[in-house]
Amino acid sequence: MLCSASQFKGVDILLTSPWPKYVGSFGNSSGEVDTKNCGSALISSLAMSLKPRYHFAALEKSYYERLPYRNHVVLQESAQHATRFIALANVGNPEKKKYLYAFSIVPMKLMAVAELVKQPPDVTENPYRDSGKQAAGGKQIPAPQEESACQFFFDLSEKQGRKRPSTGRDNKPPHAKQPRKPPQPPGPCWFCLASPEVEKHLVVNIGTHCYLALAKGGLSDDHVLILPIGHYQSVVELSAEVVEEVEKYKATLQRFFKSRGKRCVLFERNYRSHHLQLQVIPVPLSCCATDDIKDAFITQAQEQQIELLEIPEHSDIKQIAQPGAAYFYVELDTGEKLFHRIKKNFPLQFGREVLASEAILNIPEKADWRQCQTSKDEEEALARRFRKDFEPFDFTLDD
């Protein structure tokens, strides 16, 4: 039976060979698929128009499950169902990437409206909205949006001072860029490396955009922080080059701790803090399994009525949280991620409390860093020892 455009609500399943352009950053360590430079704008327009509940594609031969996105503008349009995009690898691929996807679905025509339009907790904005309108009108998607893809889900404007790529008309190589000065804090900051307030004796490694420092009052002698050299409040606000080095430090620390019989847990609390601090805490393999750590976070979150959600492994936090939004985020050594959007109050020591609990490190007395103070001489000795141990893994020496 045919229906008018006003009656059309969408389709349950859409199958396409090409990926849609701008579906989102693939976000895995190998960077297999860059949807800024591949995928079809026509498929993006098709998905925008058909509003599938599930959209499957396979041409890029990689597995990727994107966070669901909404099909309406909040407070401006009537609520509609969300869409889930899933890309599957080729059958029998040697890397054993996922090529099958099992799921059950009730046809939308049999569902109550309230149930159909219920939004998942990790839903994002529609990635095709601006590009889809232009593609539907037969216009090509302009290059400036490609350049701004890292903030595609929330803010495509250039009000933050981002410039278009050079076209070569100034007789300079098209990719030549002047190094950008790191953002500066509005006042004193304990973590900006150039700040006189930084306790520099705790710094154990310095890269181009980030540095490592021992945590003040750490849970262990090798509890470290990954910090940006410039002033950024959260991971969501980091520039692309800083994100790249953060990921490099994370991978290097994983190898370092693994060589010492430990797995590392990383968390960030973007709440009542002014400078990004990525806490990296090693947990001896003999203490517990990764699943035990995950269960401990979820259990303690439930006890404190904190909604801690598991998000897809290859998802980017920038897809979920807007700049300035308060959140708490955990990343396990398996790549699994847990996320909580902070709406009101949040226990400042929650991450430490979970890791210090009997289920993990069994040092509950160290849940508050202020109870773990040591002398400056002891801190300097710990820093010297960490620098020496870390040196064989120090990628900054290769530059």
Side-chain angles (χ1 to χ4, degrees), residues 29 31 150 177-260 262-270 273-282 317 329 331 333 351 369 372-399:
S29 58
C150 67
K177 292 184 179 179
Q178 294 295 323
R180 290 189 292 180
K181 188 177 181 181
Q184 301 301 306
C189 178
W190 289 97
F191 298 104
C192 286
L193 191 57
S195 171
E197 284 82 10
V198 172
E199 297 195 53
K200 291 186 171 59
H201 67 284
L202 294 172
V203 176
V204 292
N205 192 265
I206 301 176
T208 305
H209 306 287
C210 306
Y211 71 99
L212 292 183
L214 289 183
K216 188 84 171 175
L219 282 168
S220 61
D221 291 347
D222 45 7
H223 174 173
V224 294
L225 309 177
I226 304 175
L227 304 123
I229 291 173
H231 190 76
Y232 295 91
Q233 182 172 330
S234 69
V235 163
V236 175
E237 298 179 5
L238 295 180
S239 60
E241 62 267 22
V242 182
V243 169
E244 184 178 354
E245 192 164 270
V246 166
E247 293 299 321
K248 205 168 183 179
Y249 266 121
K250 283 162 59 176
T252 303
L253 286 169
Q254 277 207 347
R255 290 195 302 272
F256 169 65
F257 287 125
K258 186 177 181 181
S259 73
R260 305 174 76 81
K262 301 177 182 181
R263 59 170 54 88
C264 58
V265 180
L266 182 147
F267 70 82
E268 177 197 1
R269 187 199 75 233
N270 183 32
S273 59
H274 301 289
H275 190 113
L276 168 61
Q277 304 163 52
L278 287 176
Q279 308 269 346
V280 184
I281 299 92
I317 293 297
Y329 149 72
E331 185 172 338
D333 61 314
W369 70 273
C372 307
Q373 297 293 324
T374 56
S375 69
K376 185 175 180 179
D377 288 343
E378 290 175 302
E379 290 174 339
E380 288 176 340
L382 291 174
R384 282 195 298 270
R385 189 171 74 189
F386 187 94
R387 290 188 202 104
K388 181 180 178 182
D389 293 341
F390 187 70
E391 187 173 354
F393 299 83
D394 186 0
F395 64 84
T396 66
L397 299 177
D398 300 331
D399 297 340

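Basis for what follows: all heavy atoms, side chains included, without hydrogens, waters or symmetry-related copies.
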Tell me whether the count of non-hydrogen atoms from other residues, nucleotides or ligands lying under 6.0 Å of [atom1] in [X] goes above 12.
{"X": "His274", "atom1": "NE2", "result": "no"}
{"X": "Gln373", "atom1": "CD", "result": "yes"}
{"X": "Glu244", "atom1": "CD", "result": "no"}
{"X": "Lys258", "atom1": "NZ", "result": "no"}

Roughly how far, to the nearest 0.5 Å, is the [atom2] atom of [Y] from the [atom1] atom of [X]?
{"X": "Thr396", "Y": "Glu245", "atom1": "OG1", "atom2": "CD", "result": "8.5 Å"}
{"X": "Leu193", "Y": "Lys200", "atom1": "CG", "atom2": "NZ", "result": "6.0 Å"}
{"X": "Ile281", "Y": "Ser220", "atom1": "CD1", "atom2": "OG", "result": "8.0 Å"}
{"X": "Leu276", "Y": "Leu225", "atom1": "CG", "atom2": "CG", "result": "9.5 Å"}
{"X": "Asp333", "Y": "Leu253", "atom1": "CG", "atom2": "CG", "result": "13.0 Å"}
{"X": "Lys216", "Y": "His223", "atom1": "NZ", "atom2": "NE2", "result": "13.5 Å"}

Below 4.0 angstrom, N of the basic side chain to O of the carboxylate: do [X] and [Y] qualify?
{"X": "Glu199", "Y": "Lys376", "answer": "no"}
{"X": "Glu391", "Y": "Lys388", "answer": "no"}
{"X": "Asp394", "Y": "Arg387", "answer": "no"}
{"X": "Lys262", "Y": "Asp222", "answer": "yes"}

- prompt: Taking it one step at a time, do Phe256 and Asp389 satisfy side-chain contact (heavy atoms from CB on, under 4.5 Å)?
  reply: CA-CA 9 Å; Phe256 169 65; Asp389 293 341; 4.0 Å; yes
Should [X] and [Y] count as side-chain neighbours, where that means a heavy-atom distance under 4.5 Å?
{"X": "Ser195", "Y": "Pro188", "answer": "no"}
{"X": "Val242", "Y": "Cys210", "answer": "yes"}
{"X": "Lys250", "Y": "Glu331", "answer": "yes"}
{"X": "Asp221", "Y": "Arg385", "answer": "yes"}
{"X": "Asn270", "Y": "Val236", "answer": "no"}
{"X": "Ile229", "Y": "His209", "answer": "no"}
{"X": "Pro228", "Y": "Tyr211", "answer": "no"}

task: Compute the ring centroids of Tyr329 and Phe267, then answer whether they are less than 6.0 Å apart.
output: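 Not close enough - the centres of the two rings lie 6.0 Å or further apart.
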message: Ring-plane angle category for Phe191 and His275, please: parallel below 30°, perpendicular beyond 60°, tilted otherwise.
response: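 Rings of Phe191 and His275: tilted, as their planes differ by 30° to 60°.
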task: Could you tell me which non-hydrogen atom of Cys264 sits nearest to which non-hydrogen atom of Val280, and how far apart they are?
output: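 It is CB-CG1, 3.9 Å.
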message: Which residue is it: Leu212, Leu227, Val224, Val235? I am looking for the one with a side-chain contact (heavy atoms from CB on, under 4.5 Å) to Leu278.
response: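 Only one of Leu212, Leu227, Val224, Val235 forms a side-chain contact (heavy atoms from CB on, under 4.5 Å) with Leu278, namely Val235.
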Tyr249 vs Asn205, side-chain hydrogen bond (donor to acceptor under 3.5 Å, both in side chains): CA-CA, chis, key distance, verdict: CA-CA 10 Å; Tyr249 266 121; Asn205 192 265; 2.5 Å; yes
- request: Start with the C-alpha gap between Arg263 and Phe257, add the side-chain angles, then the distance that decides, and say whether side-chain contact (heavy atoms from CB on, under 4.5 Å) holds.
  value: CA-CA 6 Å; Arg263 59 170 54 88; Phe257 287 125; over 6 Å; no
field: Check: Ser375 main-chain N/O paired with Glu378 side-chain donor or acceptor under 3.5 Å
entry: yes
